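Just below is one structure, and these are the notes that go with it.
Just so it is clear, the structure is predicted and the values come from calculations on it, not from any experiment. Chain identifiers are assigned alphabetically (A, B, ...) following the order of the sequence lines, protein sequences preceding nucleic acid strands; residue numbering begins at 1 within each chain.
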Amino acid sequence: MVRRKRNASGADLDITTAATQPANEGRHNKSQKFVETAATSRPKRASSGVDGAPKPNPTKSASKGKTATAKAARSTKAAKSAKPTKDPKPAKRPTYTTENASDGRRSSNVSVEIEQHIEEEQDQDGEDYGIGRAYWLMKAEPESRIEKGKDVKFSIDDLKAAAKPEGWDGVRNLAARNNMRAMSKGDQAFFYHSNCKVPGIVGVMEIVQESSVDESAFDPEHPYFDPKSDRDRPRWSLVHVEFRRKFRNIVKLKELQKFAEKGGILENLQTLKQTRLSVSKVSKKEWDFILSLVDEDEAVA
DNA sequence: GCCAACGTTGGC
DNA sequence: GCCAACGTTGGC
């Protein structure tokens with residue numbers, strides 16, 4: 001799977017230390033409170049690869065600029081999914097308190113956020129979805145892109161064809177990782193195709209196994225290897241997902257954007273506010289609305 | 001291929 | 001802790 005991710009250099013903000021990351025302050029997290037950060041304008045950046053660091057995509061230009069999502073090495077994956085190492089996180093969502101959010105928020109804030117996220121869903125129709133099922137959106141790149149000699153493409157069809165639960169590895173962004181750590185078994189997620197001809201939501205999957213250590217970060221040959229992560233202090237996590245449904249009609253990004261204007265029902269959809277977040281939250285209201293954009297007659301169960 | 005919008009790093 | 005430089009994401 002891929003997932004987008006990356007930043008191979010990950011910092012070090014690791015897990016328990018990142019409590020204060022200035023850079024992200026005020027950025028994500030709040031599900032709805034997206035603070036408009038005053039992003040100072042940035043100078044244009046030179047082309048990548050300036051330093052001698054490990055170059056991430058040697059073949060990028062050749063591959064049409066796809067970006068990464070990584071499904072990385074499927075081979076290593078099989079091994080890992082076999083016996084995942086449990087993550088440090090306490091699994092129950094309301095009590096999730098380990099680690100900080102990348103944005104420098106304290107963990108308690110993280111749990112508050114999560115609770116709000118769940119609450120939101122329950123308020124929706126007054127119905128109780130069990131323990132409070134939550135909804136998410138996860139991105140992967142359906143078109144080929146070579147990273148470290150490996151194709152990182154991963155589409156809804158690849159997931160559908162998988163014989164076992166797929167470990168969503170390769171996420172190398174703290175906010176996205178924290179979202180995965182907050183997931184519970186039974187949660188549903190939209191499968192989003194990014195960095196491709198027609199970006200948009202193409203189907204639904206289910207979280208079938210809660211977060212565990214992303215072993216791909218330890219493998220130097222892996223496209224998403226992170227030298228700063230080690231088994232004593234794993235930095236990255238993944239969840240396992242299973243295919244549930246593929247829409248015949250893609251709910252295109254363009255269409256989602258139409259409902260995201262001020263006052264629109266999707267005005268706070270996290271993925272539209274933080275386009276670089278590969279794993280984002282979706283409220284029940286947003287989830288139901290987006291599903292209404294799928295022609296049920298054509299939807300493939 | 002371009003570039004806006006970030007995220008990370010490291011000097012100070 | 002701040003901030004400029006640099007790298008990445010991902011739409012177009």
Side-chain angles (χ1 to χ4, degrees), chain A residues 2-15 17-30 34-71 100-105 137-148 152-155 170-179 192-202 223-229 235-236 250-258 260 269-280:
Chain A
V2 173
R3 350 150 171 42
R4 216 149 228 52
K5 42 204 79 292
R6 355 315 184 74
N7 325 307
S9 33
D12 13 0
L13 358 151
D14 216 341
I15 322 198
T17 11
T20 38
Q21 198 73 1
N24 319 316
E25 212 53 334
R27 278 195 184 141
H28 6 42
N29 4 348
K30 248 37 218 123
F34 180 66
V35 187
E36 193 110 25
T37 47
T40 39
S41 43
R42 281 171 170 291
K44 235 134 206 147
R45 69 230 207 15
S47 26
S48 43
V50 177
D51 59 3
K55 198 124 273 75
N57 358 272
T59 50
K60 184 167 205 172
S61 41
S63 54
K64 246 73 250 93
K66 258 52 217 150
T67 341
T69 343
K71 183 44 348 27
N100 56 266
S102 63
D103 31 18
R105 271 161 192 263
L137 179 148
M138 302 169 87
K139 303 177 185 176
E141 297 180 37
E143 296 176 6
S144 288
R145 191 169 65 72
I146 306 303
E147 224 174 279
K148 280 173 86 169
V152 298
K153 107 178 187 60
F154 191 71
S155 69
V171 171
R172 298 291 180 270
N173 169 282
L174 293 168
R177 180 206 65 185
N178 288 342
N179 275 339
Y192 181 94
H193 278 175
S194 69
N195 212 358
C196 57
K197 276 292 197 285
V198 184
I201 297 171
V202 296
Y224 299 111
F225 169 61
D226 178 2
K228 302 240 179 74
S229 181
R235 187 194 302 281
W236 306 112
I250 294 181
V251 178
K252 306 180 179 71
L253 169 62
K254 272 250 173 27
E255 188 163 14
L256 296 174
Q257 291 172 327
K258 289 195 294 186
L269 187 65
Q270 193 178 27
T271 191
L272 296 180
K273 297 195 146 204
Q274 294 169 251
T275 63
R276 299 179 51 190
L277 240 201
S278 64
V279 178
S280 61

Could you check A:N173 against A:V279 for side-chain contact (heavy atoms from CB on, under 4.5 Å), going step by step and ending with a plain yes or no?
CA-CA 9 Å; A:N173 169 282; A:V279 178; over 6 Å; no
Once you round it to whole Å, what is the distance between C1' of C:dT9 and CZ of A:R177?
19 Å
Taken to the nearest whole Å, CG/A:L256 to P/C:dC12 is 11 Å
How close or far is atom P of B:dA5 from atom CG of A:N173, stated in whole angstroms?
18 Å
How long is the line joining CG of A:L174 and P of C:dT9, in whole Å?
13 Å
For C:dT9 and A:Y192 - does any side-chain N or O of the residue sit under 4.0 Å from the phosphate oxygens OP1/OP2?
no
Just the rounded figure in Å: distance from C1' of C:dC12 to NE2 of A:H193.
19 Å
A:Q270 CD - C:dT9 C1' separation (whole Å)
15 Å
Answer yes or no: does a side-chain N or O of A:Q274 lie under 4.0 Å from OP1 or OP2 of B:dA4?
no
Gap between atoms OH and C1', on A:Y224 and C:dT8 respectively (whole Å):
11 Å
Calculate the interatomic distance between A:Q257 atom CD and B:dA4 atom C1'; express it in whole Å.
14 Å
Considering only C:dC12, B:dT9, B:dT8, which nucleotide approaches the side chain of A:K228 most closely?
B:dT9
Donor-acceptor pair, A:K254 side chain versus A:V198 backbone, under 3.5 Å?
no
Quick check against the 3.5 Å criterion: does A:K252 have a side-chain atom that pairs as donor or acceptor with the backbone of A:Q257?
no
Does A:R172 come within less than 4.0 Å of A:D226, counting only side-chain N to carboxylate O?
no
